[in-house]
Protein chains: 2
Amino acid sequence: MLLNLSHTEENYIKAIYHLEQDGKPVSTNDLSELLKTAAASVTDMLKKLKQKKMVHYKAYYGCNLTEAGRKGALMIIRRHRLWEYFLSKKLGFSWDEVHDIAEELEHVGSTSLIDKLDAFLGYPRFDPHGDPIPDEKGHIVQQQNKLLSEIPLHLPVEVVQIGDQSAHILELLSDKNIRIGTLLEVRKRFTYDQSLEIKTGSKSITQISKELSQNILVKDHE
Amino acid sequence: MLLNLSHTEENYIKAIYHLEQDGKPVSTNDLSELLKTAAASVTDMLKKLKQKKMVHYKAYYGCNLTEAGRKGALMIIRRHRLWEYFLSKKLGFSWDEVHDIAEELEHVGSTSLIDKLDAFLGYPRFDPHGDPIPDEKGHIVQQQNKLLSEIPLHLPVEVVQIGDQSAHILELLSDKNIRIGTLLEVRKRFTYDQSLEIKTGSKSITQISKELSQNILVKDHE
DNA sequence: ATAAAAATTTAGACAAATCTAAAAAATATA
DNA sequence: TATATTTTTTAGATTTGTCTAAATTTTTAT
Ligand SMILES: [Mn+2]
Ligand SMILES: [Mn+2]
Ligand SMILES: [Mn+2]
Ligand SMILES: [Mn+2]
């Protein structure tokens, strides 16, 4: 292990990375909920991660990743997304099956393994859900995508990313034939429940709930 | 996990499988040495594996795998060897680098992952060290190979398997340009230390110690 | 500003896997 | 057979990651 972190510690810093917005500290409870672990256990772990200089932490305040913690998190995310790409593109898994398996593979800690896997895959820049893959130095592109819920009517857009990545949302999208690269256009927006009627491709019309529309990221299609 | 075993438990049943010769029970001390774990710890684990019906165990007697234990061990060996094949053939690792990484990958427990990996690799029958890969049902071919130390002079043979698989032996073989598939012929056998002089391919002559010759498995080359 | 509610930490316990040291059983040797 | 040696098990601790319950701190609401 280059990082010298246990599987559990890796999962914590990854979770902190995902919860960190701007510079705001991440609360014990948010981690507790995301990791499905008692808040008391989170407190214990934050103390340990502080000792290992992976997080800044002050009691009753919350935590933030240190620079080392951020680098570590990006490496775990790199592993996760490269494995997802491999599972999807090489082994033929569908995009809603890859996450859980990658959750285990991401903890196999050989650096040369991941760098060779990256080369074998042809240095992919995005995983099967449209999320960017950090490079070997931990650089990650920040995308400027918009939520489908905020797109004006009749503007052609392309799906580039899915926010929430539970098996449930992926199942629903699969059913609606929506995936990364799908071209969409919002036809109507209903004020009552903020649901959308969209046109996919050239023919098919489907309804999309508010929740769903807030988890589909799109970019303008020129 | 289909088997519902921890990483540690998996390592134990794999170790027991490798130590089991004929029907002879495996001793606590042999396991202790192979796993580099105190004998007292092995005793504790054997009790637990007995509870889980993975081994037959009686105090002061030793242990044997149950049918379930044997099936489990074969599945772990299947994963290990398929990953070794992948690392070697797809990612370009040399055969002496793959074992340690596979030691971690073997514990990722999705059955569909391994079966799809198997298909992706084209159902290979042998790993990079020449060891047979069990199929999805746990069937494994038993090879009838001979030790180089027991081959008569001037008989052309082909290297098919390496016994011990430490990085050290693989380094030595690599230096001598001996790998799976190499054609050999024993030229002389020195009584003093039972070292061999062998001809590899058509030109190169090299010396091989007794230890090394007892870890190179060969078959007749017709 | 005070009381109620929510978030967080501390305290104490537990299961898994490990260790060392001591006791017990099996095996080898004289 | 009696004794010495080796092997194995038991006893008691330790580390990691977890839990529940109780105490404390912070935030929200009256
Ligand atoms: Mn994922
Ligand atoms: Mn994980
Ligand atoms: Mn191996
Ligand atoms: Mn292992």
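Source: prediction; values computed, not measured. Lettering of chains follows the sequences in order, A, B, ..., and the numbering in each one begins at 1.
Atom pair A:E9:CD and D:dT15:C1' shows a separation of 12 Å (rounding to whole Å applied). As a whole-Å value, the separation of B:E33 CD from D:dT8 P is 12 Å. Here D:dT16 presents its P atom at 10 Å from CD of A:Q51, a figure rounded to the nearest Å. D:dT18 atom P lies 12 Å from atom CG of A:L46, rounded to whole Å. When rounded to the nearest whole Å, the span between OH of A:Y61 and C1' of D:dT27 equals 16 Å. Per the geometry, CG belonging to B:L31 stands 14 Å off P belonging to D:dT7, to the nearest Å. Per the geometry, NZ belonging to B:K36 stands 17 Å off C1' belonging to C:dC19, to the nearest Å. Atom-to-atom, CG of A:L49 to C1' of D:dT16 comes out at 13 Å; the value is rounded to the nearest Å.
For the OP1/OP2 pair of C:dC19 and a distance below 4.0 Å, the side-chain nitrogens and oxygens of B:S41 include at least one atom meeting the criterion. Under 4.0 angstrom from either OP1 or OP2 of D:dT9 there lies at least one side-chain N or O belonging to B:Y57. Distances shown here put a side-chain N or O of A:K47 below 4.0 Å from the OP1 or OP2 atom of C:dT10.
How far OG1 of A:T8 is from NE2 of A:H107: 8.0 Å, rounded to the nearest 0.5 Å. With rounding to the nearest 0.5 angstrom, the CG atom of B:L173 is 10.0 Å from the NE2 atom of B:H129.
For B:T37, whose side chain is taken as the heavy atoms from C-beta onward, the closest listed nucleotide among D:dT18, C:dC19, D:dT9 is C:dC19. Closest approach to the B:A59 side chain among D:dT9, D:dC19, C:dT9 is made by D:dT9 (side chain taken as heavy atoms from C-beta onward). In the set C:dT9, C:dT18, D:dT18, the nucleotide with an atom closest to the side chain of A:Y12 is D:dT18. Residue A:T43 places its side chain closer to C:dT9 than to any other of C:dT9, D:dT20, D:dT18. Residue B:Y60 has its side chain nearest to D:dT8 when only D:dT8, D:dT18, C:dT8 are considered.
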(message) I'd like to know whether B:E20 forms a salt bridge (charged side-chain N to carboxylate O under 4.0 Å, His left out) with B:R70, so could you lay out the CA-CA distance, the side-chain angles of the two residues, the decisive distance to 0.1 Å, and finally the verdict.
(response) CA-CA 10 Å; B:E20 233 173 13; B:R70 196 177 142 275; over 6 Å; no
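Ring geometry for B:F86 against A:W83 counts as tilted: the plane angle lies between 30° and 60°, on a 0 to 90° scale.
If you find the closest nucleotide of DNA chain C to B:T8 and to A:N29, the one lying nearer the 5' end belongs to A:N29. Nearest-nucleotide positions on DNA chain D for B:T28 and A:D44 put B:T28 closer to the 5' end.
Judged by distance alone, the side chain of A:S32 and the main-chain N or O of A:T37 form a donor-acceptor pair under 3.5 Å.
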